Amino acid sequence: SGEGAQRCTMKDLEQRQVRDILRPNSYPSVRITVTMDELLESAMNQNFIPVVDDAGSFIGIVTRKDIIRYFAEQKDAAEPLPLRKIV
């Protein structure tokens, strides 16, 4: 609350987009076709991983919790779940 600090109202925040808040490349995205091993590698460095489609459009995020749950469920599953089921 130093001098010159601007107050931000809820109305101001409604006009902002996620890309306005996050620094570029602070959370690198992965394509929907990423392997679970590659996704796990990303999760070691990020709390969440944005997922994009083939056109590069944002379609969702995967959290570390999602990945842990995925691998826990794979112990009992006959075949791996695709990333589309997680996002």
Side-chain angles (χ1 to χ4, degrees):
S1 297
E3 288 185 37
Q6 294 181 339
R7 292 188 53 106
C8 207
T9 67
M10 185 59 85
K11 190 71 170 170
D12 295 332
L13 293 175
E14 289 173 356
Q15 303 304 314
R16 299 192 77 180
Q17 296 184 3
V18 173
R19 70 173 165 243
D20 298 331
I21 299 167
L22 296 177
R23 291 175 303 206
N25 295 325
S26 59
Y27 291 92
S29 61
V30 296
R31 290 202 177 281
I32 189 69
T33 55
V34 71
T35 67
M36 286 308 295
D37 289 336
E38 292 168 328
L39 193 60
L40 180 59
E41 183 72 27
S42 293
M44 289 183 188
N45 300 311
Q46 299 172 220
N47 294 325
F48 65 90
I49 301 99
V51 181
V52 297
D53 63 13
D54 292 335
S57 297
F58 175 79
I59 57 173
I61 63 168
V62 176
T63 64
R64 285 183 181 157
K65 182 178 180 178
D66 295 327
I67 295 168
I68 292 167
R69 182 180 299 126
Y70 170 86
F71 281 106
E73 289 174 357
Q74 288 310 298
K75 287 177 151 183
D76 302 324
E79 62 184 64
L81 294 170
L83 180 57
R84 293 179 200 285
K85 296 282 186 183
I86 298 172
V87 173

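Atom set for the values below is all heavy atoms of this structure, side chains included, hydrogens, waters and symmetry mates excluded. These numbers come from a predicted model, not from an experiment.
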Check: Under 4.5 Å between any side-chain heavy atoms of Ile61 and Tyr27, yes or no?
Finding: no
Output a table of donor-acceptor pairs, distance under 3.5 Å, between side-chain atoms of residues 45-52 and any protein atom two or more places apart or on a different chain; print 'none' if there are none.
unit_1, atom_1, unit_2, atom_2, d
Gln46, NE2, Pro28, O, 3.3
Gln46, NE2, Phe48, O, 3.0
Asn47, OD1, Arg64, NH1, 3.2

Note to self: If you apply the rule side chain to side chain contact (heavy atoms under 4.5 Å, CB included), what do you find for Tyr70 with Leu39, and how did you get there?
What the structure shows: CA-CA 11 Å; Tyr70 170 86; Leu39 193 60; over 6 Å; no
Residues that [X] engages under side-chain hydrogen bond (donor to acceptor under 3.5 Å, both in side chains), provided they are two or more places apart:
X	answer
Glu41	none
Thr63	Asp66
Ser57	none

Item checked: Inter-residue atom distance Ile67.CD1 - Leu40.CG, 0.5 Å rounding -> 6.0 Å
Margin query: Tell me every residue that passes side chain to side chain contact (heavy atoms under 4.5 Å, CB included) with Ile68, counting only those two or more places apart in sequence or in another chain.
Written below: none
